[in-house]
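Encoded as structure tokens, the structure appears first; notes follow it.
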Amino acid sequence: MKRQSTLKTSAVIRGTGLHKGRMNTVVFVPAPEGQGIKIRNKGEFYGLNPACIKDTRRGTTIKHGKSVIHTVEHMLAAVKGCLLYTSDA
């Protein structure tokens, strides 16, 4: 069985977006084992999977309903680097 990790408490990161220069806030929230990484954005709540990938020309863009997130690979690489496999972001 694959070992899973999550956060002890929530973490908030705020900063200027890489391409559009807009202020963004990402909140990482602990999640139950087996849930995987979930995204909540623009009223949508969904799990990440290959079907969410909509563009890879200048970064990875994911889309689900009204939710569109550009250059998501940076955040996901950091999550993977921290060995987190179960989180709500």
Side-chain angles (χ1 to χ4, degrees):
M1 178 178 234
K2 189 177 195 178
R3 185 165 180 257
Q4 296 186 21
S5 299
T6 191
L7 302 167
K8 276 188 177 181
T9 61
S10 296
V12 178
I13 298 172
R14 289 186 180 91
T16 305
L18 180 64
H19 295 294
K20 296 192 177 199
R22 295 183 191 145
M23 185 57 68
N24 292 281
T25 301
V26 176
V27 181
F28 294 91
V29 180
E33 184 175 313
Q35 188 168 1
I37 297 174
K38 304 284 186 187
I39 301 286
R40 179 175 289 131
N41 184 40
K42 304 272 188 201
E44 303 284 343
F45 185 68
Y46 55 98
L48 291 180
N49 64 67
C52 295
I53 299 170
K54 295 302 170 195
D55 191 6
T56 58
R57 286 175 288 175
R58 290 193 53 173
T60 304
T61 299
I62 60 172
K63 184 175 189 307
H64 181 85
K66 294 182 271 181
S67 171
V68 179
I69 304 174
H70 302 280
T71 325
V72 72
E73 70 273 15
H74 295 268
M75 177 189 70
L76 295 176
V79 167
K80 177 74 171 174
C82 290
L83 303 176
L84 297 173
Y85 298 101
T86 300
S87 175
D88 287 347

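The basis for the numbers below is simple: all heavy atoms, side chains too, and nothing from hydrogens, waters or symmetry mates.
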Quick one: which residue pairs count as a salt bridge (charged side-chain N to carboxylate O under 4.0 Å, His left out) with a foot in residues 57-78, not counting sequence neighbours?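 Every pair satisfying salt bridge (charged side-chain N to carboxylate O under 4.0 Å, His left out) with a residue in residues 57-78: Asp55-Arg57.
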Tell me, which pairs form a salt bridge (charged side-chain N to carboxylate O under 4.0 Å, His left out) where one or both residues lie in residues 7-27, sequence neighbours left out?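 Applying salt bridge (charged side-chain N to carboxylate O under 4.0 Å, His left out) to every pair that reaches into residues 7-27, excluding sequence neighbours, yields nothing.
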Just wondering, do Ile69 and Asn41 contact through their side chains at under 4.5 Å, heavy atoms?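 Touching, per the 4.5 Å side-chain cut-off.
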Can you measure from CD1 (Ile53) to OG1 (Thr61) and round to the nearest 0.5 angstrom?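 It comes to 10.0 Å.
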Assess whether side chain to side chain contact (heavy atoms under 4.5 Å, CB included) is satisfied between Thr9 and Leu7, documenting all intermediate values. CA-CA 5 Å; Thr9 61; Leu7 302 167; over 6 Å; no
Return the set of residues passing side-chain contact (heavy atoms from CB on, under 4.5 Å) with Leu48 (not counting sequence neighbours), or none when no residue passes.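 Once residues adjacent in sequence are excluded, the partners of Leu48 under the side-chain contact (heavy atoms from CB on, under 4.5 Å) criterion are Ile37, Ile39, Tyr46, Ile62, Leu76.
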Quick one: do Ile13 and Phe28 satisfy side chain to side chain contact (heavy atoms under 4.5 Å, CB included)? Show the steps, please. CA-CA 8 Å; Ile13 298 172; Phe28 294 91; 3.6 Å; yes
How close do Cys52 and Gly47 get, counting heavy atoms only, and between which atoms?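 Scanning both residues completely, I find the closest heavy atoms to be SG-O, 3.7 Å.
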In terms of hydrophobic clustering (I, L, V, M, F, W, Y; side-chain heavy atoms under 4.5 Å; direct or indirect links), are Val26 and Met23 co-clustered?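 Each belongs to a different hydrophobic cluster.
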Considering residues at least two apart in sequence or located in another chain, which fulfil the side-chain hydrogen bond (donor to acceptor under 3.5 Å, both in side chains) criterion with His64?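 His64 satisfies side-chain hydrogen bond (donor to acceptor under 3.5 Å, both in side chains) with no other residue.
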